[in-house]
Amino acid sequence: MAQRSISDVLNSAPLELAPYQDLYKYFHANPELSRQEKATSEKLAYHLAQFKHYEIHTNIGGYGLVGVFRNGPGKTVLLRADMDALPVKELTGLPYASTVTMHDSDGIEKPVMHACGHDMHITCLLAAAERLVNLRDAWSGTLIILFQPDEERGGGAQAMVDDGLYSKIPVPDYCFGQHVMKLRAGSINSKSGTIMAAADSMKITVFGRGGHGSLPHTTVDPVLLAAHIVVRLQGIVSREADPTDLAVVTVGSLQAGQTENIIADRAELGVDFRTVKLETRQKIISAIQRIVTAECAASGSPKPPVFTPTRRFPPTFNDHKVASELAVSFAEHFEDFDADTPRSNVSEDFSTLGTCRDLPCCFWFLGGIDHELWDEAQKNGTQAEIASNHSALFAPVIQPTMKSGIDALCVAALTILKK
């Protein structure tokens, strides 16, 4: 008898999606900021417990949640979803839009929104967890379902590892994950090699000497100093980075002073940069430090600058062998699959779950944009106008995004575990 395909296996146990659509709307309307995902984690744990077969581990590296399903001999596969939201005021106008506010780590109350699709990620993973239980006779091995906190600040995966993740659960043979993106809804897009760039962020504090705006000669103006730094930093990519390599440097914030006629005594710059190669990353760090230090000296700054790293995301690298295996399965199951999607400059900390133990990983993109909107924009060349991740207007269309997201996780797991 011919062996059943993965699609045949999935079709043998269709999942009722209406409850998950309702659950998605709940998560979207009730987002929680990074490192504060308590209610989200508890609700996920409750639902995961209903499937009976999962050994559940809570509060790993914060509010990290893991379910382990041991289903006989075989390989071990980890499926991951992130669950934190962003300090963004939602403007989608959806009937289930968030009106939530929370206090951030500095104690400042801010509006909160799932502006990056993590609500879709956790809903798809929970549904996949149920579906793979229903399909347990078709596969053998160990399945790990991992809900990760604090992705947006880049610390959640490392926090779980540092909290003894792999002393509490089996070490997986493979780590898989996905991210909803500004792509045609239901499409699956992946590639072999680096699929997402590394990202670093830092705060740079430069010092002046404050005084009255009418007496500039008695001061050292940190605003002028910071302005020179902003302009000079633009030269790193255009004149110091190899044009054939990825390098992006962004000054995302500049804060100094409180009123018009007072020269402040300091300024703070928020800088973000993206790279793929480690040597390029180090070149950018060195250039930033060199430029800032030199501009401080040129302005007569009374104290040396302070560099404070705030976030670090590694590059997301898809193991060539595993990516090729999944590409075959995805191409057979999905009508809309791209096996060589362009590398993205956005970043993820997912790969830390694998690189900490030198485990092969594969990550893919899930399209979330309404078909009619996407096709019209593609025809008119206006795709840049479609709201993307981190926008106050970003909200994936629920279907077919959810169905494809659930299927993709199940296809990946079954590629390794199917009997």
Greater than 12 external heavy atoms within 6.0 Å of Glu279's CD: yes

For Gly164, is there any backbone N or O sitting under 3.5 Å from a side-chain donor or acceptor partner on Ser167? yes

With a 4.5 Å cut-off on side-chain heavy atoms, are Phe176 and Trp364 touching? yes

Using every non-hydrogen atom in the two residues, find where Met83 and Ser41 come nearest and quote the distance to one decimal. CE-CB, 4.1 Å

Check salt bridge (charged side-chain N to carboxylate O under 4.0 Å, His left out) between Asp370 and all other residues, then give those that pass, not counting sequence neighbours. none

Are Ile288 and Met202 side-chain neighbours, meaning at least one heavy-atom pair lies under 4.5 Å? yes

So, does Asn30 use its side chain to make a donor-acceptor pair with the main chain of Tyr26 at under 3.5 Å? yes

Take Tyr63 and Glu32 through the test side-chain hydrogen bond (donor to acceptor under 3.5 Å, both in side chains) and record every step on the way to the result. CA-CA 11 Å; Tyr63 293 110; Glu32 294 179 295; over 6 Å; no

Do you know the tightest heavy-atom contact between Leu359 and Pro172? CD2-O, 3.3 Å

Rounded to the nearest 0.5 Å, what separation is found between the NE2 atom of His53 and the CG atom of Leu143? 12.0 Å

Can a donor-acceptor pair be found, under 3.5 Å and without considering hydrogens, that links the side chain of Asn389 to the backbone of Val180? yes

Starting at OG of Ser190, measure out to CG of Leu366 and round the result to the nearest 0.5 Å. 12.0 Å

Applied to residues 36-53, the salt bridge (Lys or Arg N to Asp or Glu O under 4.0 Å) test, sequence neighbours excluded, yields Lys38-Glu42

Identify the two heavy atoms, one from Cys296 and one from Val206, that lie closest to each other, and give their separation to 0.1 Å. SG-CG1, 3.7 Å

Of Thr205, Leu254, Thr308, which meets side chain to side chain contact (heavy atoms under 4.5 Å, CB included) against Glu268? Thr205

With sequence neighbours excluded, give me every salt bridge (Lys or Arg N to Asp or Glu O under 4.0 Å) pair touching residues 93-109. Asp104-Lys110

Is the shortest side-chain heavy-atom distance between Met160 and Pro149 below 4.5 Å? yes

Side-chain (Asp8) to main-chain (Arg4) donor-acceptor, under 3.5 angstrom: no

What residues form a side chain to side chain contact (heavy atoms under 4.5 Å, CB included) with Ala49, not counting sequence neighbours? Ile56

Would the distance check show the side chain of Tyr24 and the main-chain N or O of Ile122 forming a donor-acceptor pair, the cut-off being under 3.5 Å? no

Side-chain polar contacts of residues 399-417 - donor-acceptor pairs under 3.5 angstrom, sequence neighbours left out - could you list them?
residue: Gln399; atom: OE1; partner: Lys403; partner atom: N; Å: 3.1
residue: Gln399; atom: NE2; partner: Gln21; partner atom: OE1; Å: 3.0
residue: Thr401; atom: OG1; partner: Val397; partner atom: O; Å: 2.6
residue: Lys403; atom: NZ; partner: Asp407; partner atom: OD2; Å: 3.0
residue: Ser404; atom: OG; partner: Gly186; partner atom: O; Å: 2.9
residue: Asp407; atom: OD1; partner: Arg131; partner atom: NH1; Å: 2.5
residue: Asp407; atom: OD2; partner: His333; partner atom: NE2; Å: 3.0
residue: Thr415; atom: OG1; partner: Ser329; partner atom: OG; Å: 2.8
residue: Thr415; atom: OG1; partner: Val411; partner atom: O; Å: 2.7

Which pairs with one or both residues in residues 141-156 pass salt bridge (Lys or Arg N to Asp or Glu O under 4.0 Å), sequence neighbours excluded? Arg35-Asp150

Contact list for residues 325-342, test salt bridge (Lys or Arg N to Asp or Glu O under 4.0 Å), sequence neighbours left out: Lys191-Asp340, Lys321-Glu325

Quick check: does any side chain N or O of Thr92 sit under 3.5 Å from a backbone N or O of Leu94, one acting as donor and the other as acceptor? yes

Would you say the ring centroid of His57 lies under 6.0 angstrom from that of Tyr54? no

Tell me if the CD atom of Gln50 is crowded by more than 12 foreign heavy atoms within 6.0 Å. yes

Quick one: does Ser347's side chain get under 4.5 Å of Thr316's, heavy atoms only? no

Going from CG on Leu48 to OG1 on Thr58, what distance comes out if it is rounded to the nearest 0.5 angstrom? 11.5 Å

Would you please name every residue forming a side chain to side chain contact (heavy atoms under 4.5 Å, CB included) with Asp200, sequence neighbours left out? Phe273, Arg281, Arg312

Taking Ser187 for the side chain and Arg184 for the main chain, is one N or O donor matched with an acceptor at less than 3.5 Å? yes

Mark yes or no for whether Ser34, through its side chain, and Asp84, through its backbone, hold a donor-acceptor pair below 3.5 Å. no

Ser192 and Asn318: side chain donor to acceptor below 3.5 Å: no

Could you give the side-chain donor-acceptor pairs of residues 227-236 under 3.5 Å, partners two or more places apart or in another chain?
residue: Gln234; atom: NE2; partner: Val230; partner atom: O; Å: 2.9

Is it true that Ser201 and Asp272 share a donor-acceptor pair across their side chains at a distance under 3.5 Å? yes

Is the count of non-hydrogen atoms from other residues, nucleotides or ligands lying under 6.0 Å from Lys89 atom NZ greater than 12? no

Which distance, rounded to the nearest 0.5 Å, do you find between the NE2 of His179 and the CD of Glu348? 5.0 Å

For the residue pair Ile369 and Ala387, what are the closest heavy atoms and their distance? CD1-O, 4.2 Å

Output side-chain donor-acceptor pairs under 3.5 Å for residues 67-75, partner residues at least two apart or in another chain, one line each.
residue: Arg70; atom: NH1; partner: Glu55; partner atom: OE1; Å: 2.5
residue: Asn71; atom: ND2; partner: Arg136; partner atom: O; Å: 2.9
residue: Asn71; atom: ND2; partner: Trp139; partner atom: O; Å: 2.9

CG-CD1 distance between Leu165 and Ile169, expressed to the nearest 0.5 angstrom: 4.0 Å

A side-chain contact here means heavy atoms from C-beta on lying under 4.5 Å apart; do Asp265 and Phe207 qualify? no

Between Thr194 and Met196 (side chain of the first, backbone of the second, donor and acceptor by atom type, cut-off under 3.5 Å), is there such a pair? no

Nearest 0.5 Å please: distance from the CD1 atom of Ile195 over to the OG atom of Ser344. 8.0 Å

Hey, are the side chains of Leu246 and Arg343 touching, using non-hydrogen atoms and a 4.5 Å cut-off? yes

Under 3.5 Å, is there a donor on one side chain and an acceptor on the other for Thr382 and Asn380? no

Once you measure the plane-to-plane angle for His118 and His114, does it fall in the parallel (<30°), tilted (30-60°) or perpendicular (>60°) bin? tilted

Check for a donor-acceptor pair, side chain of Ser98 on one end and backbone N or O of Val112 on the other, with a separation under 3.5 Å. yes

For residues 81-109, which residue pairs qualify under ring pair (Phe, Tyr, Trp, His ring centres under 6.0 Å), counting only residues two or more places apart or in two chains? His28-Tyr96

Under 4.5 Å between any side-chain heavy atoms of Ile285 and Phe307, yes or no? no

Could you work out, with ring pair (Phe, Tyr, Trp, His ring centres under 6.0 Å) as the rule, every residue matching Phe350, not counting sequence neighbours? Phe363

Evaluate salt bridge (charged side-chain N to carboxylate O under 4.0 Å, His left out) for Asp349 paired with Arg80, printing each intermediate quantity in order. CA-CA 11 Å; Asp349 69 345; Arg80 172 269 199 181; 3.1 Å; yes

